[in-house]
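Okay, so here's the structure we're looking at.
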Amino acid sequence: MHNVTPFPLAAAGPRQVGFERGELMRILDLYGRMVAAGHWRDYAMDMDRDAAIFSCFRRSAERPEYRIEKRPALRNRQGMWALVGEGGIVLKRGHELAGILAPVERRLMKIVGD
C-alpha cells in the first residue's frame, strides 16, 4: 500500500563549532595585550563544522604567526585545544585553553620586559 520513508534525522554533530564567551574573552584579552605591545596587528576567525580557529597576524598580508584551534572531536583524545605555529607545526595541545595560551603569554612578558 503506502511506503513510509523515515524523516532524515539531523546530523549528530553541531553544524558549526564556535568559541564560548569566556574562551573568546580570554583569547581577545591576550590579543589586545599583544597589539598594545606592538607585536600583532590583525586577526581572523574561522568557524566551520570541525573547528573554530583564531589566527593572529603580525601583518595582514602574511601567514598567521599563531593559530588557536578548538576541535571538539579531539576532546577525549589529545585535547580539543591546539596552538599552531607559523609553519603549521602544533606547538602545544591540551584540554585547557590557559595551558595553550601560556607560551604566548610568556613571550609577551619578554616583549614587554625588553
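Worth saying up front: this structure is predicted, and the values here are computed from it rather than measured.
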For the hydrophobic clusters of this structure (ILVMFWY residues joined by side-chain heavy atoms under 4.5 Å, transitively), does one cluster hold both [X] and [Y]?
X	Y	result
M47	L83	yes
L28	I100	yes
M34	L97	yes
F19	M25	no

The residue among V104, L101, I53 that forms side chain to side chain contact (heavy atoms under 4.5 Å, CB included) with I68 is L101
Residue pair [X] / [Y]: nearest heavy atoms and the distance that separates them:
X	Y	answer
A82	V90	CB-CG1, 4.4 Å
A44	F57	CB-CE1, 3.8 Å
K92	P103	CD-CG, 3.8 Å
L74	R93	CD1-NH1, 3.3 Å
H95	R75	CE1-O, 3.1 Å
E23	G18	OE1-O, 4.4 Å

- request: Just say parallel, tilted or perpendicular for the rings of Y31 and F54, cut-offs at 30° and 60°.
  value: perpendicular
In terms of heavy-atom contacts, does CD of E20 have more than 12 from other residues, nucleotides or ligands at under 6.0 Å?
no
_Flag side-chain contact, heavy atom, 4.5 Å: W81 against E69_ = no
- Task: Indicate yes or no: at least one non-hydrogen side-chain atom of Y43 is less than 4.5 angstrom from one of V35.
- Result: no
Going through the distances and angles, do V17 and R71 end up as a side-chain contact (heavy atoms from CB on, under 4.5 Å)? CA-CA 8 Å; V17 175; R71 296 185 181 272; over 6 Å; no
